[in-house]
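No hydrogens, no waters, no symmetry mates; every other heavy atom, side chains included, goes into these values. Everything numeric here is computed off the predicted structure, so don't read it as measured data. Lettering follows sequence order; numbering is per chain, from 1.
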Amino acid sequence: MPELPEVETVRRGLEPVLTGATIVRADIRRPDLRWPFPDGMAKQLEGNRVEQLRRRSKYLLADLSSGESLLVHLGMSGRILIYPGDRDRVAVGKFAHPHPALEKHDHVVLDLETGARIVFNDPRRFGAMDLLQTSAQDSHRLLVQLGPEPLGNDFHSAYLADRFDGKRAPVKAALLDQRNVAGLGNIYVCEALHRSGISPKRQAGHLSQSQIDRLVRDIRDVLDEAIAAGGSSLRDYRQTDGDLGYFQHRFRVYGREGAPCSTPDCQGAIARIVQSGRSSFFCPQCQR
DNA sequence: CTTGGGTCCTGTGCGC
DNA sequence: TGCGCACAGGACCCAA
């Protein structure tokens, strides 16, 4: 999926289009993604204004005028595209539809009063949508266990040291565990560990305090840089306008098996190993 | 409690 | 050009 930087990029793309706009029509084109959509979702959306578009970890939350929020998760392959529409063309009756034809895997379509159309497309359908009471957000089953935002004030080295204390799991697994810190995925964990010079195989509980300090800083840095670059574009991810993100050009280890390590004075080559079924990319020379 | 493995689904890229 | 296989950004669920 899109990890935190990609979801934040989507949020920033959607925000100006969605905030303050009223949903005039919701077209739910199949009964489910990863889970069934809530009963009557289309009706709960239609007629509502979107008050605010927020992000929590890798989830988007659109707060509605009804007091409910639409929760959206992009899974592995989910995309949201905006078609600005063209009211004038509709108004003069030249075109029955200002938007391009729907494509395969376009599962949810929201038409806004402004004429804009928001399309959720997800080939693998690991994504999710749900409705929740905005005031009870934190008790939602998908959000209740999430750890702190890595870019927020609650994520700091004392916190992480406490969470990692006594853990025998590899630090790679511990950082992917959303209960420890919420929003990292495979790419940015690999990248942060490389920047910190920490092997993904190291037991989380065996890191020194200075390594944890460094790791916290590097996690924040890599996420900030990725957001500034508009996220990373791999197979499926695009920004809301269909453009590519650019951060993938700055990967130091992810997807670079066999390439020379980019650390100054390091003669190592990037290796790939499998940890709990997922690829870890790292430099065995400078990550210890 | 922690940890690791299997699983959902479709698409793509590679080797043959 | 076609075919089969490995692999893909997530995270739930269950067994040990």
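Between A:R195 and A:E191 there is no salt bridge, since no side-chain N of the basic residue sits under 4.0 Å from a carboxylate O of the acidic one. The existence of a salt bridge linking A:R214 and A:D218 is confirmed by a sub-4.0 Å separation between a basic side-chain nitrogen and an acidic carboxylate oxygen.
For A:L223 and C:dG9, the CG to P distance is 16 Å, given to the nearest whole Å. The nearest whole Å value for the distance from the CD atom in A:Q145 to the C1' atom in B:dT2 is 13 Å. Straight-line distance from the CG atom of A:D32 to the C1' atom of B:dC9: 11 Å, rounded to whole Å. The CD1 atom of A:I187 sits 7 Å away from the P atom of C:dG9 (whole-angstrom rounding). As rounded to whole Å, 15 Å separates atom P of C:dA11 from atom CG of A:L33. Rounded to whole Å, atom C1' of C:dG9 lies 7 Å from atom CZ of A:R278. A:I273 has its CD1 atom 14 Å from the P atom of C:dC7, to the nearest Å. Atom CZ of A:R79 is separated from atom C1' of B:dG11 by 12 Å (rounded to the nearest Å).
Considering A:R49, A:R56, A:R54 as possible partners of A:D63, the one that fulfils the salt bridge (charged side-chain N to carboxylate O under 4.0 Å, His left out) test is A:R54.
Pair assignment for B:dC9: none, as no Watson-Crick or G-U wobble contacts are both less than 3.5 Å. In this structure, C:dG9 forms no base pair with any nucleotide, since neither Watson-Crick nor G-U wobble geometry is met with both distances under 3.5 Å.
An OP1 or OP2 oxygen of C:dG9 is reached within less than 4.0 angstrom by no side-chain nitrogen or oxygen of A:Y188. At least one side-chain nitrogen or oxygen of A:K104 sits closer than 4.0 Å to the OP1 or OP2 atom of B:dG11. One finds no side-chain N or O of A:S276 lying less than 4.0 angstrom from the OP1 or OP2 phosphate oxygen of B:dT3.
Distances from the side chain of A:M76 to the nucleotides C:dA8, B:dT10, B:dC9 place C:dA8 closest. Distances were taken from every side-chain heavy atom of A:K58 (C-beta onward) to each of C:dG9, B:dG11, C:dA11; the shortest belongs to C:dA11. Closest to the A:Y59 side chain, of the nucleotides C:dA11, C:dG9, B:dG11, is C:dA11. Considering only side-chain atoms of A:W35, the nucleotide from C:dG10, B:dT2, C:dC12 that sits closest is C:dC12. Checking B:dT3, C:dA11, C:dG9 against the side-chain heavy atoms of A:H73 singles out C:dA11 as nearest.
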**Prompt:** When you look at A:E6 and A:Y188, which way does the side chain to side chain donor-acceptor pair (under 3.5 Å) test go after all the steps?
**Reply:** CA-CA 11 Å; A:E6 289 72 42; A:Y188 296 105; 2.6 Å; yes
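With hydrogens and angles ignored, no donor-acceptor pair under 3.5 angstrom links the side chain of A:R125 to the base of B:dC9. Contact of A:R124 with C:dA8 (side chain to base): a donor-acceptor pair of N or O atoms is detected under 3.5 Å.
Rounded to the nearest Å, the gap between the P atom of C:dC7 and that of B:dG5 is 15 Å.
Remark: ring of A:F126 stacked against base of C:dG10; centroid gap under 5.5 Å, plane tilt under 30°.
A cation-pi geometry, defined here as NZ or CZ lying under 6.0 Å from the six-membered ring centre and within 45° of its normal, does not hold between A:R125 and A:W35.
Residues A:H105 and A:R34 each lie close to DNA chain B; by heavy-atom proximity, the contact nearer the 5' end of the strand is made by A:R34.
Residues A:Y159 and A:N180 come closest through the heavy atom pair OH-O, 2.6 Å.
Backbone-only contact: A:R272 has heavy atoms under 4.0 Å from sugar-phosphate atoms and none from a base. Residue A:G185 is in sugar-phosphate contact alone, with no base atom involved, counting any heavy-atom pair closer than 4.0 Å across all strands shown.
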